[in-house]
Protein chains: 2
Amino acid sequence: MARVGDEGGTAGPARSAGVKDVAARAGVSLGTVSNVLNRPDRVSARTRERVEQAMAELGFVRNESARLLRAGRSSTLAYVMLDATNPFFTDVAQGIERAAEQADLSLFLCNSDQSAERERVYLTRLQEQRVQGVLITPVDPDEPLLDEVVRQGTPVVIVDRVRDVDSHCSVAVDDVLGGRLAIEHLVDLGHQRIAFVGGPERIGQVRDRRRGAQAALADAGLPADALVEVRTEALTVSEGRNAGERIAGMPSATRPTAAFCANDLVALGLLQSCVGLGLRVPDDLAIVGFDDIEFAAAAAVPLTSVRQPRGQLGRRATELLLDEATNPDHRHEQVLFTPELVARASTRRS
Amino acid sequence: MARVGDEGGTAGPARSAGVKDVAARAGVSLGTVSNVLNRPDRVSARTRERVEQAMAELGFVRNESARLLRAGRSSTLAYVMLDATNPFFTDVAQGIERAAEQADLSLFLCNSDQSAERERVYLTRLQEQRVQGVLITPVDPDEPLLDEVVRQGTPVVIVDRVRDVDSHCSVAVDDVLGGRLAIEHLVDLGHQRIAFVGGPERIGQVRDRRRGAQAALADAGLPADALVEVRTEALTVSEGRNAGERIAGMPSATRPTAAFCANDLVALGLLQSCVGLGLRVPDDLAIVGFDDIEFAAAAAVPLTSVRQPRGQLGRRATELLLDEATNPDHRHEQVLFTPELVARASTRRS
DNA sequence: GGCACGGGTTGAAACCTTTCAATCCAACGA
DNA sequence: TCGTTGGATTGAAAGGTTTCAACCCGTGCC
């Protein structure tokens with residue numbers, strides 16, 4: 001087919017055809033074309049066919065901007081993810097996608113990559129595009145723009161973070177309980193000196209998971225200094241490796257016999273560097289991660305981890321968002337899922 | 001602030017304010033508000049301030065649909081990814097994002113999740129939204145809709161797949177060479193019986209990588225049956241595990257001494273199940289993966305892999321897309337990057 | 001034969017922003 | 001004083017779709 005308008009041919013015109021052109025070609029009115037597009041049942045079969053053929057011939061592509069301008073709301077959702085390279089978030093995204101698909105909505109993913117600035121840019125664009133709603137794992141749950149967006153009419157659901165205020169729905173996992181489960185498991189195995197590997201401090205998850213860990217230690221009658229802090233700059237594999245070197249470097253008398261990591265990326269990095277430096281896992285160092293990403297089980301020393309129901313998280317968040325978008329007497333809700341410990345070789349009693 | 005319009009207050013109105021409302025409140029004309037938005041230098045400081053204040057007071061959110069309708073092209077790109085949970089693609093996406101950010105464009109990610117149907121839905125929506133351009137790793141590079149989209153005026157660049165036709169730009173890695181590098185490495189280490197683990201057959205990558213492998217074997221003077229086919233249903237971790245069980249089940253006399261996997265997910269699964277089944281890596285089975293995703297290095301037996309320049313792939317693809325979108329005498333280009341073997345413990349001579 | 005009914009179709013108005021030619025006005029030079 | 005200049009501002013028109021009240025006309029009923 002040709003690329004520029006050749007009158008009478010069957011190719012598309014130079015500048016894309018609109019409903020008007022389609023109407024002219026099919027010999028019907030604008031309104032009818034629109035009906036074919038939006039309420040095909042109201043149009044007689046014969047007319048519909050003619051219109052559809054005209055569309056095909058002209059290569060008609062509906063102009064979403066114009067549609068939206070007139071019709072109000074779009075049929076897309078967006079998930080602003082904190083880190084697209086962390087499998088945890090892509091699994092959450094998959095849960096969202098499935099739920100969105102069922103509701104016949106498209107999902108756009110936006111990666112803030114931990115940058116508050118990029119997050120703001122995305123939020124603004126999404127607002128300007130009048131998306132049905134936004135799911136977000138925010139860099140900082142207290143970001144004021146989040147409230148602003150809601151106030152201006154775009155529903156926002158917070159995923160994997162909690163917020164005390166009731167201006168949004170949120171869906172998260174009980175991180176304190178998760179920390180508790182990890183430590184109880186290690187204590188059961190006889191560990192009395194346990195590293196907590198995570199940071200930076202400003203991440204709520206890190207604080208909550210540590211808090212759960214501390215509480216569990218206290219309940220077990222162990223002193224507070226049974227938990228050895230090993231700080232990381234971020235929750236990444238390379239920071240985990242880094243932490244591993246520090247732990248391996250400790251004199252064996254004072255070295256912890258187990259490590260609880262704030263997430264699986266850190267745990268995998270830790271695992272890797274320990275093995276590389278001659279520490280046996282779990283004999284010299286037992287390791288517990290958090291999230292239970294797929295790669296945790298696939299590590300050659302499969303990783304014990306605290307599982308979050310990732311898909312569920314996404315699914316439930318989407319349901320809340322849709323309710324908020326469509327149900328006039330929607331009530332905000334803070335959903336808290338319960339994590340679960342999955343024991344694997346990295347903490348096996350040997 | 002209140003949520004419904006309270007005359008004279010400072011809160012936003014019930015239904016969001018438009019430029020008209022802003023103009024009224026600031027005591028200027030429509031055009032001036034638009035100028036503040038689009039050509040702030042043409043507006044006197046005093047007026048600009050007044051307008052900006054009015055915007056803030058009314059909680060004005062620019063309506064992108066209306067803007068687009070009038071102004072033509074949007075300032076967003078989209079990357080339709082084949083599998084958002086495969087770290088390879090998220091790394092590519094990150095490269096794209098960086099390049100897009102530099103050009104002051106937003107990037108939306110869409111996950112086709114290997115479904116041709118979903119891919120089509122996304123392509124159509126993106127077209128309807130008049131995005132600047134689309135980057136895509138297609139389920140099937142021969143999908144006719146890809147040509148259709150281009151013909152109708154939306155630039156499309158194909159990422160990580162090649163296509164003989166010249167209707168798009170494409171950016172990929174020389175998979176044949178990659179396969180060759182992997183096998184040459186294994187042959188150098190003395191392996192004479194090597195499994196090729198991958199599938200399904202319809203994936204171009206699988207075919208090309210095998211082709212390279214075969215060529216390298218031939219060059220080394222080894223018979224064609226030195227390459228043992230181990231088919232997978234998909235390039236996933238669980239399929240890799242599956243393949244591992246089959247390999248471990250072979251009688252040790254005929255079992256390959258090395259495996260070349262079509263990607264790292266498969267290799268990680270293979271690694272995991274081999275270790276679990278008592279096969280030592282690399283002593284009993286050396287393993288080479290493909291992609292060199294971060295988790296390859298982080299595996300407890302760090303994985304030898306064929307590295308693809310993932311970020312580069314994304315960056316270059318974006319540059320091509322922007323050129324196509326802006327440069328009137330753009331020429332389509334097929335870029336082929338060179339892969340590189342990264343040797344790690346999974347093939348170390350012991 | 002007249003009338004009510006209703007499915008199918010019509011076309012003008014509305015959605016909100018950007019654009020651009022026209023206008024305004026203050027300052028300046030002659 | 002008048003004309004000119006140029007920066008600031010104006011407002012009508014345009015952009016493509018959806019909506020909705022109105023209309024048309026064939027059918028069935030009384």
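Each chain gets a letter, A, B and so on, in the order the sequences are listed, and its residues count up from 1.
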**OP:** Tell me, please, which residues at least two apart from A:Arg48 pass salt bridge (charged side-chain N to carboxylate O under 4.0 Å, His left out).
**Re:** none
Original post:
What residues form a ring-ring contact (aromatic ring centres under 6.0 Å, His included) with A:Tyr122, not counting sequence neighbours?
Top reply: none
Taking N or O atoms only and anything under 3.5 Å, show me the protein contacts with nucleotides 25-27 of chain D, one pair per line.
none

**OP:** Remember a base hit wins even if backbone is also touched, and classify A:Ser65 as base, sugar-phosphate or nothing at under 4.0 Å, heavy atoms.
**Re:** nothing
**OP:** If a protein heavy atom is under 4.0 Å from the base, mark B; if only from the sugar-phosphate, S; if neither, -; do that for nucleotides 14-22 of chain C going 5' to 3'.
**Re:** BBBBBB---
Original post:
Does a donor on one side chain sit under 3.5 Å from an acceptor on the other, for B:Gln53 and B:Glu57?
Top reply: yes
Subject >> Atom pair distance, as rounded to whole Å: CE in A:Met55 and C1' in D:dG16 >> reply: 13 Å
**OP:** Could you check how far CZ of A:Arg46 sits from C1' of C:dT9, rounded to whole Å?
**Re:** 13 Å
Original post:
Residues two or more places apart in sequence or in another chain: which of them pass ring-ring contact (aromatic ring centres under 6.0 Å, His included) with B:Phe88?
Top reply: none
**OP:** With heavy atoms under 4.0 Å as the rule, sort A:Ser44 into base, sugar-phosphate or nothing.
**Re:** sugar-phosphate
**OP:** Check A:Ala317 against A:Leu135 and note the closest heavy-atom contact, atom names and distance.
**Re:** CB-CD2, 3.5 Å
Original post:
Side chains of A:Thr137 and A:Tyr79: donor-acceptor distance under 3.5 Å anywhere?
Top reply: yes
Subject >> Test item: B:Thr47 side-chain N/O and B:Val43 main-chain N/O as donor-acceptor pair under 3.5 Å >> reply: no
Original post:
Can you tell me how far P of C:dG8 sits from CZ of A:Arg48, to the nearest Å?
Top reply: 10 Å
Subject >> side chain to side chain contact (heavy atoms under 4.5 Å, CB included) partners for A:Asp323, two or more places apart >> reply: A:Asn327, A:His330
